[in-house]
Novice: 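Sharing a structure with you now.
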Amino acid sequence: MTNFNEIKGFAFDLDGVITDTAKFHAQAWQQVADKVGTNWTEDLADGLKGISRMDSLEMILKAGGHENDYSQAEKEKLAAEKNDNYVQLIKTLTPDDILPGMLDFIKSLQASGYKMSLASVSLNAPVILKSLGLTDAFEGIVNPASLKKGKPDPEIYVRAAEVMKLDPKQVIGVEDAAAGVTAINGANETSLGIGNSDVLHEADLIFPDTAAVTIEAIKEKMG
Ligand code: BG6
Ligand code: MG
């Protein structure tokens with residue numbers, strides 16, 4: 001594993017890492033699953049984490065065997081409905097909704113001179129960062145609309161290193177989703193997974209929750 005001394009920047013996922021929008025995504029997608037007749041399970045919800053809006057819809061349709069039942073226009077309508085519901089749910093977000101320990105972690109990274117960029121496939125990310133009062137903490141946000149492929153493809157994490165003008169080897173990617181960890185590893189960055197170690201077993205470093213993530217703890221694990 002890379003030595004911590006080589007690390008110069010952090011690429012953050014947003015949903016489920018900085019704030020718990022994962023629960024709002026799940027809530028809004030569950031309504032779609034009910035509508036199309038796909039059984040909603042915890043495995044399906046986990047598998048959707050980090051996956052782009054249209055890819056998520058495709059996974060939900062496929063899980064119920066409905067992948068050929070909807071036209072492109074109908075799919076776009078379902079995705080738009082999901083997003084309308086989701087946008088209502090995230091309207092309540094304030095800086096108090098930053099996950100435990102994350103504000104301190106981000107501030108300590110700033111104070112120690114690390115660069116930060118955002119590697120979220122969410123088209124709603126700029127609005128969410130603004131509601132959380134975190135826009136200025138980041139060097140830049142990778143524009144998900146400009147990506148050829150979403151997670152688990154490495155593209156977004158390669159771009160997140162470019163935003164910071166760093167070599168991928170100098171970057172730690174921070175994720176709560178298996179697809180995101182795969183993307184970080186594919187980009188040759190160090191992967192830090194937050195959550196269930198069974199789901200995130202491919203990660204170089206695993207933390208059980210956001211409160212456990214500190215510079216000191218990372219240093220200790222990486223050596
Ligand atoms: C990811 C979430 O960050 O963004 C996914 O983990 C979500 O659940 C994806 O589908 C796309 O988000 P949005 O806001 O563009 O629909
Ligand atoms: Mg996430």
Side-chain angles (χ1 to χ4, degrees), residues 10-33 38 40-63 75-93 97-99 102 105 117-132 134 138 141-147 149-157 159-160 172-185 189 191-196 199-200 202-203 206-210 213:
F10 287 74
F12 282 84
D13 173 46
L14 174 66
D15 294 316
V17 166
I18 296 176
T19 188
D20 190 14
T21 38
K23 68 175 180 227
F24 296 138
H25 278 297
Q27 201 176 321
W29 279 130
Q30 190 171 358
Q31 290 183 27
V32 174
T38 292
W40 186 254
T41 63
E42 212 170 298
D43 275 356
L44 180 57
D46 267 341
L48 295 178
K49 286 183 185 167
I51 304 296
S52 74
R53 196 179 303 167
M54 287 313 281
D55 287 351
S56 297
L57 176 62
E58 293 292 350
M59 280 175 74
I60 290 168
L61 292 175
K62 201 151 182 241
K75 286 181 193 172
E76 271 157 29
K77 196 157 166 259
L78 285 169
E81 272 172 33
K82 181 268 172 179
N83 193 54
D84 289 346
N85 290 335
Y86 178 70
V87 166
Q88 287 306 315
L89 295 169
I90 59 173
K91 273 199 176 136
T92 58
L93 288 176
D97 294 299
I98 297 173
L99 279 165
M102 269 295 135
F105 180 53
S117 63
L118 199 77
S120 170
V121 297
S122 172
L123 297 161
N124 292 298
V127 173
I128 295 171
L129 273 194
K130 194 160 175 238
S131 305
L132 300 175
L134 287 177
F138 293 86
I141 300 178
V142 177
N143 177 5
S146 70
L147 298 172
K149 287 188 175 170
K151 300 170 189 178
D153 190 276
E155 186 181 10
I156 190 166
Y157 277 97
R159 295 272 299 281
I172 292 180
V174 187
E175 269 289 345
D176 69 317
V181 168
T182 306
I184 297 169
N185 291 344
E189 296 167 4
S191 51
L192 189 163
I194 303 171
N196 186 326
V199 177
L200 303 172
E202 281 183 29
I206 302 181
F207 288 88
D209 51 46
T210 52
V213 184

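Every value quoted in this text rests on a predicted model; they were computed, and no experiment measured them. The figures that follow rest on heavy atoms only: side chains count, while hydrogens, waters and symmetry mates do not. Whatever order the structure lists them in is the order used to number ligands and atoms, beginning at 1.
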Novice: Test your reading of the structure: does Tyr86 have an N or O sitting under 3.5 Å from an N or O of ligand 1?
Specialist: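 Tyr86 vs ligand 1: no N/O contact under 3.5 Å.
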Novice: Phe10 vs Phe105 aromatic rings, parallel, tilted or perpendicular, using cut-offs 30° and 60°?
Specialist: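 Judged by the thresholds at 30° and 60°, the geometry between Phe10 and Phe105 is perpendicular.
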Novice: The Mg ion (ligand 2) is nearest to which N, O or S atom of Asp13?
Specialist: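 Closest N, O or S atom of Asp13 to the Mg ion (ligand 2): OD2.
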Novice: Considering the heavy atoms of Ser120, write down every atom of ligand 1 situated less than 4.0 Å from one of them.
Specialist: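 Those qualifying, in numeric order: 3 (O).
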Novice: Kindly give the atom name of the N, O or S atom of Asp176 closest to the Mg ion (ligand 2).
Specialist: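 Result for Asp176 and the Mg ion (ligand 2): OD1.
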Novice: Check this for me - ligand 1, Asn124, N or O atoms closer than 3.5 angstrom, yes or no?
Specialist: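 Yes, at least one N or O pair falls under 3.5 Å.
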Novice: Are the side chain of Glu155 and the backbone N or O of Leu147 linked by a donor-acceptor pair below 3.5 Å?
Specialist: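 Absent.
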Novice: Mind listing the closest non-hydrogen atom pair of Val121 and Gly50 along with its distance?
Specialist: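 Where Val121 meets Gly50 most closely, the heavy atoms are CG2-O, 3.5 Å.
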Novice: Return the minimal non-hydrogen interatomic distance between Leu99 and Thr19, and the atom names on each side.
Specialist: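 Heavy-atom minimum between the residues: CD1-C, 3.7 Å.
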Novice: Among all protein heavy atoms in this structure, tell me which lies nearest to atom 15 (O) of ligand 1, with the distance rounded to 0.1 Å.
Specialist: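 Of the protein heavy atoms, Leu123 N, 2.7 Å lies nearest.
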Novice: Under 4.0 Å from any heavy atom of Val121, which atoms of ligand 1 are there?
Specialist: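 Near Val121, the atoms of ligand 1 are 1 (C), 4 (O), 9 (C), 11 (C), 15 (O).
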Novice: Would you say Arg53 and Trp29 make side-chain contact, with heavy atoms under 4.5 Å?
Specialist: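 A side-chain contact exists here, since the closest heavy-atom pair is under 4.5 Å.
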Novice: Quick check: does Glu175 put an N/O/S atom under 2.8 Å from the Mg ion (ligand 2)?
Specialist: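 Of the N, O and S atoms in Glu175, none lies under 2.8 Å from the Mg ion (ligand 2), which means no.
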Novice: So which atom in Ala45 and which in Trp40 form the shortest heavy-atom distance, rounded to 0.1 Å?
Specialist: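 That would be CB-CZ2, 3.6 Å.
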Novice: Does the residue Ile51 have a heavy-atom contact with ligand 1, meaning some pair of atoms that are separated by less than 4.0 Å?
Specialist: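 The answer is yes, since Ile51 has a heavy atom less than 4.0 Å from ligand 1.
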Novice: Testing the basics here: between Ile98 and Leu132, what is the closest heavy-atom pair and its distance to 0.1 Å?
Specialist: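 Closest approach of Ile98 to Leu132: CD1-O, 3.7 Å.
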Novice: Less than 3.5 Å apart, any donor N or O on the side chain of Asn124 or Asp15 sitting next to an acceptor on the other?
Specialist: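 No, no side-chain donor-acceptor pair sits under 3.5 Å.
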Novice: Could you report the tightest heavy-atom contact between Lys75 and Leu57, atom names first, then the distance?
Specialist: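 Heavy atoms of Lys75 and Leu57 come nearest at O-CD2, 3.2 Å.
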Novice: Has ligand 1 got any nitrogen or oxygen that is less than 3.5 angstrom from a nitrogen or oxygen of Lys49?
Specialist: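 No.
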Novice: Record the part of Ser56 in heavy-atom contact with ligand 1 below 4.0 Å; permitted values are side chain, backbone, both and neither.
Specialist: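 Side chain only.
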Novice: How far is atom 2 (C) of ligand 1 from its nearest protein heavy atom, and which residue and atom is that?
Specialist: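 Looking only at protein heavy atoms, the one closest to atom 2 (C) of ligand 1 is Asp15 OD2, 3.3 Å.
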Novice: Suppose we measure from atom 6 (O) of ligand 1 to each protein heavy atom; which comes out shortest, and what is that distance?
Specialist: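 Ranked first by proximity to atom 6 (O) of ligand 1 is Gly50 N, 2.8 Å.
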Novice: Looking at every non-hydrogen atom in both residues, tell me the closest pair between Ser191 and Glu202 and how far apart they are.
Specialist: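 For Ser191 versus Glu202, the nearest heavy atoms are OG-O, 4.0 Å.
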Novice: Taking heavy atoms and a distance under 4.0 Å, where does Leu48 meet ligand 1: side chain, backbone, both or neither?
Specialist: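 For Leu48, only backbone atoms sit under 4.0 Å from ligand 1.
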Novice: What is the nearest protein non-hydrogen atom to atom 16 (O) of ligand 1, stated with its residue, atom name and distance?
Specialist: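 Checked against all protein heavy atoms, atom 16 (O) of ligand 1 sits closest to Arg53 NE, 2.8 Å.
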Novice: Do you know which N/O/S atom name in Asp15 is closest to the Mg ion (ligand 2)?
Specialist: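 It is O of Asp15.
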